[in-house]
S.K.: 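Questions regarding the structure given below will be posed in turn.
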Amino acid sequence: AQSVAQPEDQVNVAEGNPLTVKCTYSVSGNPYLFWYVQYPNRGLQFLLKYITGDNLVKGSYGFEAEFNKSQTSFHLKKPSALVSDSALYFCAVRAVLTGANNLFFGTGTRLTVIP
Amino acid sequence: KAGVTQTPRYLIKTRGQQVTLSCSPISGHRSVSWYQQTPGQGLQFLFEYFSETQRNKGNFPGRFSGRQFSNSRSEMNVSTLELGDSALYLCASSLGEGSTEAFFGQGTRLTVV
């Protein structure tokens with residue numbers, strides 16, 4: 001079975017400080033991992049993905065994420081937070097082995113960047 | 001390149017009615033997936049269509065159904081609506097391979113009264 005855990009419902013960070021949004025996953029075999037962001041009354045916007053290769057992946061709007069196989073984690077990071085980064089963030093996984101295309105999502109983490 | 005288009009954006013229906021939601025994927029994308037988003041259950045996968053065939057299905061009752069047309073546009077139908085069906089329904093478009101990202105529409109907000 002596949003699953004994603006986002007242990008923090010809410011993360012608050014001051015503008016200009018680094019931010020981290022945590023994600024751990026469970027999947028049989030290798031994972032495809034994704035981060036999405038959702039603004040109020042909008043759909044999900046793709047931020048970045050890990051497929052294979054370099055464990056540090058860079059994405060849109062200055063976000064990056066680090067894949068850690070031993071800890072089964074894929075934490076989202078940004079060196080300097082902006083107020084406009086305030087939104088709901090979702091981590092998602094697909095299992096390579098199953099070949100299925102659907103995503104399993106975490107419960108989401110609400111990021112608030114304080115001016 | 002146009003994004004994923006979902007219509008309508010908002011819908012209010014009465015219990016027992018049925019509803020049809022529409023999704024037009026990004027040009028060239030053959031896979032369309034549907035997700036239900038609620039505050040209590042989060043984002044849950046409903047089904048995926050690829051080249052007019054249902055390729056994968058989530059754990060939802062048979063009242064939820066879908067189809068895909070030859071131009072890759074997809075519709076989702078919910079019959080005999082229940083209050084618990086109130087949710088944001090999101091459509092995701094992709095090339096259909098597991099390594100590729102899905103692009104989401106803005107969703108249809110369904111309210112059942």
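Because the structure is predicted, anything quoted here is derived from the model rather than measured. Proteins get letters first, then strands, A, B, ... in listed order; numbering begins at 1 in each.
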S.K.: Is Y35(B) close to chain A through its backbone or its side chain, or both, or neither, when contacts mean heavy atoms under 4.5 Å?
M.R.: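 Side chain of Y35(B) only, per the 4.5 Å heavy-atom cut-off to chain A.
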S.K.: Indicate, with yes or no, if V113(A) and Y89(A) share a hydrophobic cluster defined by side-chain heavy-atom contacts under 4.5 Å among Ile, Leu, Val, Met, Phe, Trp and Tyr.
M.R.: yes
S.K.: Of the backbone (N, CA, C, O) and the side chain (C-beta and beyond), which part of L44(A) lies under 4.5 Å from a heavy atom of chain B, both, or neither?
M.R.: both
S.K.: Could you look at A102(B) and say if it's the side chain, the backbone, both or neither that has a heavy atom under 4.5 Å from chain A?
M.R.: both
S.K.: Relative to chain A, which segment of Q41(B) carries a heavy atom at a distance below 4.5 Å: side chain, backbone, both, or neither?
M.R.: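 Contact with chain A involves no heavy atom of Q41(B) at all.
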S.K.: Between E82(B) and R63(B), does any NZ, NE, NH1 or NH2 come within less than 4.0 Å of an OD or OE carboxylate oxygen?
M.R.: yes
S.K.: Strictly under 6.0 Å, is that where the ring centroids of F104(B) and Y36(A) end up?
M.R.: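 Distance test on ring centres: under 6.0 Å, yes.
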S.K.: Quick one: are F90(A) and V4(A) in side-chain contact, heavy atoms under 4.5 Å?
M.R.: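 No - every pair of side-chain heavy atoms lies 4.5 Å or more apart.
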S.K.: Sort F104(A) into side chain, backbone, both or neither according to what part of it lies under 4.5 angstrom from a heavy atom of chain B.
M.R.: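 For F104(A), no heavy atom lies under 4.5 Å from chain B.
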S.K.: At a heavy-atom separation under 4.5 Å, does L103(A) approach chain B through its side chain, its backbone, both, or neither?
M.R.: both
S.K.: Taking the six-membered ring for Trp and the single ring otherwise, decide whether the centroids of F45(B) and F47(B) are under 6.0 Å apart.
M.R.: no
S.K.: Sort E48(B) into side chain, backbone, both or neither according to what part of it lies under 4.5 angstrom from a heavy atom of chain A.
M.R.: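 For E48(B), side-chain heavy atoms alone lie under 4.5 Å from chain A.
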S.K.: Let me know if Q45(A) has heavy atoms under 4.5 Å from chain B in its side chain, its backbone, both or neither.
M.R.: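 Looking at Q45(A), nothing touches chain B.
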S.K.: Measure the shortest side-chain to side-chain distance between F63(A) and W35(A) over non-hydrogen atoms and say whether it is less than 4.5 angstrom.
M.R.: no
S.K.: If I measure from the heavy atoms of chain B, does Y50(A) come under 4.5 Å with its side chain, its backbone, both, or neither?
M.R.: neither
S.K.: Whether D85(A) and K78(A) form a salt bridge (side-chain N of Lys/Arg under 4.0 Å from carboxylate O of Asp/Glu) is what I want to check.
M.R.: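 Looking at D85(A) together with K78(A), the answer is yes, because their closest N to O distance falls below 4.0 Å.
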S.K.: Among Q6(B), Q37(B), R9(B), which residue forms the greatest number of heavy-atom pairs with chain A at distances under 4.5 Å?
M.R.: Q37(B)
